[in-house]
Amino acid sequence: EQNRITTPLHFPSSRSIYQKFREVDLLDKKKTVTALKPGEDRAILLGLGMILSSVMMYFVLGITILRSYADSVWTEEGVCVVLNSTVTADMNCSYNCGSDCWRVSKYPCLQVYVSVNNTGRVSRLSHNEETQDTSSECFYVPRCQKDSLAMHVMIMNISERLKVNQQVPCFYDPSEQQETVLLTRLYDHSVIFHSLLWPSCMLTGGALIIVMVKLTQYLSRLCEEIGKIKR
């Protein structure tokens, strides 16, 4: 019989198969890291943007609402008993009637006197800090409009309401430097709380995003180091 030449079959060793799988696994990890890197950068930029926006909001609130709240001397709340509510005179005001056009209208000046906490101290009642700055005599200054009759009806309704509800909550100056008391405050505790709530939430959210991204990066590096030790 003629001798047959047979070619031996070469089967890949287990080591070469492991190396191929290892190369594929490393390639997948590199692709994952490459894909996650821009996403992590965008998340950090988002967190920093939220923190910067909240700081700017804190600054704006600090020079507007918080400053007005801190400068207000009407800090104590009490009960005022209405002693007298009278319309004394008509006050002039100006309203805008177009481009470079201003006209004069009138509203009744309502003066209200109260007794604070039944102490016998008689004070003039004003609607809020803005009214106190605008007029040192009138309880309420309506928005000036052409229809003076509508403003008159509004003021008279307020006067009747005060006569019916003779005991009203009010705010006064405990040092008694300001004789006027206020019916309401423009910026009280609830207004300050709600004003600071949103920038605080934004600041917390931005900080959490950055912390989560940094934690994810740390855990990823830790897993890689553990994998190297096991190999």
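Residues take their numbers from the sequence shown, with the count starting at 1.
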Fill in the blank from the handout: Interatomic distance, CE@M151 vs SG@C93, rounded to 0.5 Å, equals 4.5 Å
Practice task
Please answer whether the main-chain N or O of H127 pairs with a side-chain N or O of T184 as donor and acceptor at a distance below 3.5 Å.
Solution key: yes
Handout entry: Closest approach of Y107 to P142 (non-hydrogen atoms, all atoms of both residues)
Key = CD1-CD, 3.6 Å
Handout entry: Non-hydrogen side-chain atoms of I158 and L110 separated by less than 4.5 Å
Key = yes
Problem - Residue pair Y187 / R185, side-chain heavy-atom distance below 4.5 Å - result: no
Completion exercise
Nearest heavy-atom contact between S105 and C144 is CB-SG, 3.9 Å
Practice task
Mark yes when over 12 heavy atoms from residues, nucleotides or ligands other than R67 sit less than 6.0 Å from its CZ; otherwise mark no.
Solution key: no
Practice task
Mind jotting down which residue pairs meet the ring pair (Phe, Tyr, Trp, His ring centres under 6.0 Å) criterion with at least one end in residues 39-96? Sequence neighbours excluded, please.
Solution key: Y69-H189
Practice task
Nearest 0.5 Å please: distance from the OG1 atom of T204 over to the CE atom of M50.
Solution key: 9.0 Å
Practice task
Identify the two heavy atoms, one from E137 and one from R124, that lie closest to each other, and give their separation to 0.1 Å.
Solution key: O-NH1, 3.3 Å
Practice task
Grab the two heavy atoms, one from S72 and one from E129, that are nearest each other, plus how far apart they are.
Solution key: OG-OE2, 3.5 Å
Completion exercise
NE2 of H194 to CG of L197, rounded to nearest 0.5 Å, is 7.0 Å
Problem - Expected output: side-chain H152 to main-chain S148 donor-acceptor under 3.5 Å - result: no
Completion exercise
d(S123 OG, E179 CD) to nearest 0.5 Å is 7.0 Å
Practice task
Taking the side chain as every heavy atom from C-beta outward, state whether L48 and I44 have any atom pair closer than 4.5 Å.
Solution key: yes
Practice task
Please check if L66 and V191 belong to a single hydrophobic cluster, counting links between Ile, Leu, Val, Met, Phe, Trp and Tyr side chain heavy atoms closer than 4.5 Å.
Solution key: yes
Check: residues 160-172 side-chain donor-acceptor pairs under 3.5 Å, at least two apart:
none

Practice task
Give a yes or no on whether M156 and Y140 share a hydrophobic cluster (residues Ile, Leu, Val, Met, Phe, Trp, Tyr; joining criterion: side-chain heavy atoms under 4.5 Å apart).
Solution key: yes
Handout entry: Transitive ILVMFWY side-chain link M57 to L46, under 4.5 Å
Key = yes
Practice task
State, yes or no, whether a side-chain contact exists between P108 and V87 at a heavy-atom distance under 4.5 Å.
Solution key: yes
Handout entry: Side chain to side chain, N128 and L183, heavy atoms closer than 4.5 Å
Key = no
Please report, to 0.1 Å, the donor-acceptor pairs under 3.5 Å made by any side chain of residues 207-215, with sequence neighbours excluded.
none

Fill in the blank from the handout: All heavy atoms of V116 vs all of C80, minimum pair found to be CG2-SG, 4.0 Å
Exercise for the section: Supply the atom-to-atom distance N92 CG to C109 SG, rounded to the nearest 0.5 angstrom. Expected result: 11.5 Å
Exercise for the section: Could you tell me whether a side-chain N or O of S53 sits under 3.5 Å from a main-chain N or O of G49, the two making a donor and an acceptor? Expected result: yes
Practice task
Apply the test side-chain contact (heavy atoms from CB on, under 4.5 Å) to residues Y113 and L125: give CA-CA distance (whole Å), side-chain angles for both, the deciding distance (0.1 Å), then the verdict.
Solution key: CA-CA 6 Å; Y113 289 93; L125 183 66; over 6 Å; no
Handout entry: Non-hydrogen atoms of N117 and G78 that approach each other most closely
Key = OD1-CA, 3.4 Å
Handout entry: More than 12 heavy atoms of other groups within 6.0 Å of Q145 CD
Key = yes
Practice task
Quick one: do M91 and K106 satisfy side-chain contact (heavy atoms from CB on, under 4.5 Å)? Show the steps, please.
Solution key: CA-CA 5 Å; M91 306 294 290; K106 292 185 178 182; over 6 Å; no
Problem - M154 with V112, same ILVMFWY side-chain cluster at under 4.5 Å - result: yes
Handout entry: Within-4.5 Å side-chain heavy-atom neighbours: F139 and T131
Key = no
Handout entry: Any L196 side-chain heavy atom under 4.5 Å of L61 side chain
Key = yes
Problem - More than 12 heavy atoms of other groups within 6.0 Å of E76 CD - result: yes
Practice task
Show your working on side-chain contact (heavy atoms from CB on, under 4.5 Å) between V114 and V81 and close with a plain yes or no.
Solution key: CA-CA 5 Å; V114 295; V81 179; 6.0 Å; no
Handout entry: Between S85 and S159, a side-chain donor and acceptor under 3.5 Å
Key = yes
